[in-house]
Amino acid sequence: MSNPNQPRVRFAPSPTGFLHVGGARTALFNWLYARSQGGVFVLRIEDTDQERSTEESYAAILRGMEWLGLDWDEGPGVGGDFGPYLQSERLDIYREHLEQLAAGGHVYKCFCSAGDLEAREKAVRDAGCNWEGYDGHCRDLTEAQTTELEGQGKPFAWRLKTPTEGTTFWYDIIVDKREFQNEVLVDRVVFKADGFPTYQFAVVVDDHTMGITHVLRGDDHVSNTPFQLLIYQALGWKPPKFGHMPMILGQDKKRLSKRHGATSVEEFQNLGILPAAMLNYLALLGWSPGGSGDEVMTAEAIIKKFSLKKVNSSPAAFDYDKLNHINSEHIKRLSADERLDLAKPIIAERGWVLDPEWLIHEVDTTDAYLARVLGTLGNRFSSLITLPEQIGFFFTDDHFVDQESWDEHVATDEARPLMIALADAIEADLDTAAPQEAGAFEEVIRSTAEKLGVKAGQIIHPCRVALSGQSRSAGIFEVMELMGAPRTVRRLRAAAAS
RNA sequence: GUCCCCAUCGUCUAGUGGUUAGGACACCGCCCUUUCACGGCGGCAACACGGGUUCGAUCCCCGUUGGGGAUGCCA
């Protein structure tokens with residue numbers, strides 16, 4: 001169980017919003033690393049910000065993770081030996097370690113209020129100088145001064161005493177050596193006046209006490225790392241390995257935001273993106289299987305190939321086109337049964353069911369009918385979003401109609417007589433009180449075309465639009481079979497009269 | 001402003017001290033087809049710039065430019 005070489009990684013979101021693509025990618029890479037190394041993937045919730053943390057966000061993040069299939073070995077809902085996994089439930093642990101820091105003289109009390117800080121920053125800037133963060137105002141307060149301020153009931157935070165010379169560095173898994181001059185590091189707050197630890201402190205205590213071996217996080221955390229390293233040092237702990245992954249940007253290479261379109265994982269779900277496709281695409285952002293291998297992969301295949309060494313160090317732009325392509329590839333690879341499962345809720349939602357009066361050959365249940373309908377789609381079924389449009393006409397007369405195609409192919413003086421002739425021929429040549437197969441319709445169409453001295457295509461095209469409302473559809477004979485002769489005739493006559 | 005990071009087709013990327021710099025998405029053309037899609041074939045398109053190092057740099061070093069991040073008692 002406790003294999004010392006077993007990597008332990010974590011995803012540690014704060015519940016202050018939905019699970020966005022950046023977070024999802026971070027979670028994914030941690031998960032991939034754990035799964036590919038036989039390691040443990042921990043989910044920890046960083047809710048030390050009392051103001052911004054919400055139950056809804058917490059739930060949304062868990063939903064997003066579950067939707068993507070990123071299962072965690074320890075964390076909310078599943079427990080584990082290193083809990084609790086919510087920082088708000090670990091306050092005692094943080095206080096205990098704060099005392100350790102205080103006893104070692106690594107931290108000091110800071111009585112500066114937000115207003116004090118603002119005023120001093122303004123003064124510095126007004127003087128034309130750079131404000132380089134907290135100025136160490138309370139760092140050298142005497143014992144007496146501290147006692148007096150405390151006696152006045154002034155609230156205080158704890159700050160870490162950071163070195164003013166030398167450097168702090170680490171070897172990043174992704175970007176090699178990273179080094180910071182200690183003089184640019186400021187004495188950041190480690191424990192807030194509200195009695196909660198800051199992220200900087202909690203993350204260190206948790207990663208250490210939870211036995212995390214590799215911290216894989218977004219590149220936006222790079223500048224936090226040296227400060228955190230100093231906390232590890234002050235506590236006398238060996239830090240984990242760090243890997244900072246490149247950011248995900250919008251198509252314009254600017255920070256990914258709302259105006260780029262969907263950014264939360266759940267929005268993609270509503271956009272008809274399959275979780276497997278989302279996972280696949282996210283994996284391709286900053287990582288590649290190498291060479292010219294197939295990019296369309298299942299999670300299992302990605303796990304098999306995944307390696308942190310292949311993770312890129314440059315930021316990547318999020319490309320909706322490519323996501324859609326990966327998505328359609330995943331849909332195309334689905335089995336007939338899987339497609340059926342995907343489509344069922346879509347028609348159920350609209351109340352679309354099989355009507356026995358349609359007289360469909362060898363079909364007597366809605367599921368069987370839907371299966372046949374999906375079968376006609378073949379590879380045209382590449383998006384969950386367009387599906388209702390694509391198959392609606394099989395179920396209802398109140399279906400999507402592409403007006404442009406209708407005007408061009410149906411509502412014309414050339415098309416009307418052809419559609420009427422075909423309707424007449426169907427009624428004359430076929431038993432419209434019985435189900436008919438595609439071949440039977442084809443025969444009627446071809447003989448009608450011959451009789452009228454036109455090409456079959458001249459009849460087929462208006463019929464396609466008349467029946468489906470669109471100029472693209474499955475093979476028209478098959479469409480007729482699945483519409484049933486009565487409906488076919490009815491729609492043709494209605495179209496001719498339009 | 002200061003600190004840190006990044007830089008191969010429009011985008012995601014592969015790659016090497018000597019290659020016709022490869023693949024994928026998107027785009028364009030052709031073929032297939034009753035339409036559309038799928039598929040097949042082909043095309044367009046990149047080593048940011050300037051200095052070095054070297055017999056030779058896309059690759060190594062420095063600088064410039066561009067982009068990103070950080071600069072919170074947010075995480």
Side-chain angles (χ1 to χ4, degrees), chain A residues 12-17 46-49 51-53 87 110 112-114 117 125 128-134 155-159 172 174-175 178-181 183-186 188-194 196-200 202-203 217-226 244 246-247 249 251-255 281 284-296 310 312-326 328 332 377-382 390 405 409 442 445-446 449 455-461 463-465 468 470-477:
Chain A
S14 55
T16 54
E46 311 218 320
D47 56 348
T48 54
D49 187 338
E51 303 273 297
R52 301 195 309 150
S53 298
Q87 290 188 328
C110 171
C112 299
S113 68
L117 259 17
R125 289 197 193 280
C129 299
N130 271 333
W131 172 257
E132 322 226 316
Y134 182 68
F156 62 89
W158 291 88
R159 288 184 184 272
D172 199 277
I174 298 180
V175 207
R178 299 267 203 169
E179 186 169 26
F180 285 79
Q181 299 298 317
E183 61 176 328
V184 308
L185 268 25
V186 303
R188 302 236 246 168
V189 169
V190 119
F191 234 86
K192 299 183 264 188
D194 68 0
F196 275 71
T198 59
Y199 154 76
Q200 304 288 161
V203 76
R217 61 198 350 182
D219 197 62
D220 48 341
H221 282 293
V222 167
S223 54
N224 291 328
T225 308
H244 291 92
M247 303 276 86
L249 310 174
Q251 284 138 315
D252 53 2
K253 290 277 193 179
K254 302 278 182 202
R255 191 184 178 82
Y281 177 66
L284 257 17
L285 243 33
W287 172 80
S288 100
S292 45
D294 196 354
E295 291 185 322
V296 180
K310 300 285 284 180
N312 232 77
S313 54
S314 53
F318 194 92
D319 183 358
Y320 293 86
D321 282 337
K322 183 119 183 194
L323 203 216
N324 276 125
H325 171 257
I326 299 276
S328 57
K332 277 188 253 173
L377 251 35
N379 280 340
R380 265 172 291 251
F381 182 5
S382 64
Q390 286 177 288
S405 299
H409 300 288
E442 175 166 10
I445 289 177
R446 294 209 187 277
K455 283 200 267 184
Q458 285 177 263
I459 296 186
I460 288 171
H461 213 54
C463 285
R464 182 191 309 286
V465 181
S468 73
Q470 301 155 65
S471 59
R472 48 185 150 194
S473 77
I476 194 68
F477 316 125

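Computed over heavy atoms, backbone and side chain alike; hydrogens, waters and symmetry mates excluded. None of these values were measured; they are calculated from a predicted model. Below, chains carry the letters A, B, ... as their sequence lines are ordered, and counting in each starts from 1.
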Exercise for review: For U8(B) versus A14(B), give the span between their C1' atoms, rounded off to a whole number of Å.
Suggested key: 10 Å
Check your understanding: Quantified in whole Å, what is the C1' atom distance between nucleotide C28(B) and nucleotide U53(B)?
Key -> 43 Å
Review point. A7(B) pairs with which nucleotide, Watson-Crick or G-U wobble, both distances below 3.5 Å?
Key: U65(B)
Point to revise | K310(A) side chain near C12(B) phosphate (N/O to OP1/OP2, under 4.0 Å) | key: no
Point to revise | Side-chain-base donor-acceptor pair under 3.5 Å for R380(A) and C36(B) | key: yes
Check your understanding: So does D220(A) reach the base of A75(B) with its side chain, donor to acceptor, closer than 3.5 Å?
Key -> no
Exercise for review: Working to the nearest 0.5 Å, report the span between OG of S113(A) and CZ of F156(A).
Suggested key: 15.0 Å
Check your understanding: Do L249(A) and K254(A) come within less than 4.5 Å of each other through their side chains, counting heavy atoms only?
Key -> no
Check your understanding: U65(B) and C25(B): how far apart are their C1' atoms, nearest whole angstrom?
Key -> 29 Å
Review point. Under 6.0 Å between ring centres, would you say that holds for H325(A) and Y320(A)?
Key: no
Exercise for review: Just do the side-chain hydrogen bond (donor to acceptor under 3.5 Å, both in side chains) check on R188(A) and N224(A) with the steps written out, would you?
Suggested key: CA-CA 10 Å; R188(A) 302 236 246 168; N224(A) 291 328; 2.7 Å; yes
Study note, to complete from the structure: Of A75(B), C3(B), C25(B), the nucleotide closest to the side chain of F180(A) is C3(B)
Practice item. When you get a sec, tell me which of U2(B), C12(B), U35(B) is the closest nucleotide to the side chain of A317(A)? Key: C12(B)
**Study point:** Carboxylate-amine/guanidinium proximity below 4.0 Å for D219(A) and R178(A)
**Key:** yes
Exercise for review: Check every atom of U11(B), U71(B), C12(B) against the side chain of D319(A) and return the nucleotide holding the closest atom.
Suggested key: U11(B)
Revision key, fill the gap. When rounded to whole Å, the CD to P distance for the pair Q251(A) and G67(B) reads 18 Å
Check your understanding: Which of the following nucleotides, U13(B), U35(B), G68(B), is nearest to the side chain of M247(A)?
Key -> G68(B)
Revision key, fill the gap. Out of C3(B), C12(B), C5(B), minimum distance to the side chain of A316(A) belongs to C12(B)
Check your understanding: Among U71(B), C4(B), G1(B), which is the nearest nucleotide to the side chain of R188(A)?
Key -> U71(B)
Practice item. Using the P atom on both, measure G15(B) against A7(B) and round to a whole Å. Key: 13 Å
Review point. Can you tell me how far P of G69(B) sits from CZ of R217(A), to the nearest Å?
Key: 17 Å
Exercise for review: In whole angstrom, give the distance that lies between atom CD of E295(A) and atom P of C12(B).
Suggested key: 12 Å
Practice item. Show your reasoning for whether side-chain hydrogen bond (donor to acceptor under 3.5 Å, both in side chains) applies to T225(A) and H244(A). Key: CA-CA 10 Å; T225(A) 308; H244(A) 291 92; 3.0 Å; yes
Practice item. Calculate the interatomic distance between H221(A) atom NE2 and G68(B) atom P; express it in whole Å. Key: 19 Å
Exercise for review: For nucleotides C60(B) and U20(B), find the distance between their C1' atoms and express it as a whole number of Å.
Suggested key: 25 Å
Practice item. Searching all strands shown, indicate the nucleotide that pairs with U71(B) (Watson-Crick or G-U wobble; both distances under 3.5 Å). Key: G1(B)
Review point. How long is the line joining NZ of K455(A) and P of U34(B), in whole Å?
Key: 11 Å
Check your understanding: What does G18(B) pair with, Watson-Crick or G-U, if both distances are under 3.5 Å?
Key -> C55(B)
Point to revise | Distance below 4.0 Å between K253(A) side-chain N/O and C6(B) OP1 or OP2 | key: no
Point to revise | G475(A) or W131(A), whichever maps to the more 5' nucleotide of RNA chain B | key: W131(A)
Exercise for review: Respond yes when some side-chain nitrogen or oxygen of R52(A) is under 4.0 Å from OP1 or OP2 of A75(B), and no when none is.
Suggested key: no
Exercise for review: Consider the side chain of S313(A), meaning its heavy atoms from C-beta on, and name the nucleotide among G68(B), U35(B), C6(B) that approaches it most closely.
Suggested key: C6(B)
Exercise for review: Specify the separation, in whole Å, of atom CG of L323(A) and atom C1' of C12(B).
Suggested key: 12 Å
Check your understanding: N312(A) side chain N/O closer than 4.0 Å to the phosphate oxygens (OP1, OP2) of A14(B)?
Key -> yes
Point to revise | Spacing of the C1' atoms in C47(B) and G22(B) (rounded, Å) | key: 13 Å
Check your understanding: How long is the line joining CZ of F381(A) and P of A37(B), in whole Å?
Key -> 18 Å
Point to revise | pair Y134(A)-C110(A): side-chain heavy atoms closer than 4.5 Å | key: yes
Review point. Choosing from C25(B), A75(B), U34(B), which nucleotide comes nearest the side chain of D321(A)?
Key: C25(B)
Point to revise | Complementary nucleotide for C44(B) - Watson-Crick or wobble, under 3.5 Å | key: none
Exercise for review: Indicate whether OP1 or OP2 belonging to A75(B) is found under 4.0 Å from a side-chain N or O atom of K192(A).
Suggested key: yes
Practice item. Rounded to whole angstrom, note down the P distance from U13(B) over to A45(B). Key: 23 Å
Point to revise | Among A70(B), C38(B), U34(B), the nucleotide that comes nearest once only the side chain of I460(A) is considered | key: U34(B)
Check your understanding: Less than 3.5 Å between a donor and an acceptor, one on the side chain of K322(A) and one on the base of A24(B), is that the case here?
Key -> yes
Exercise for review: Over 60° means perpendicular and under 30° means parallel, so classify the ring planes of H221(A) and Y199(A), tilted if in between.
Suggested key: tilted
Exercise for review: Kindly say if R255(A) contacts the phosphate of G69(B), meaning a side-chain N or O under 4.0 Å from OP1 or OP2.
Suggested key: yes
Check your understanding: Using the C1' atom in both, what is the distance from A24(B) to U34(B), to the nearest Å?
Key -> 33 Å
Review point. Looking at C6(B), G68(B), U13(B), which one has an atom nearest to any side-chain atom of S314(A)?
Key: C6(B)
Review point. Rounded to the Å, how far apart are D194(A) CG and G72(B) C1'?
Key: 14 Å
Exercise for review: May I ask you to say what I459(A) touches in the nucleic acid, namely base, sugar-phosphate or nothing, with a heavy-atom cut-off under 4.0 Å?
Suggested key: nothing
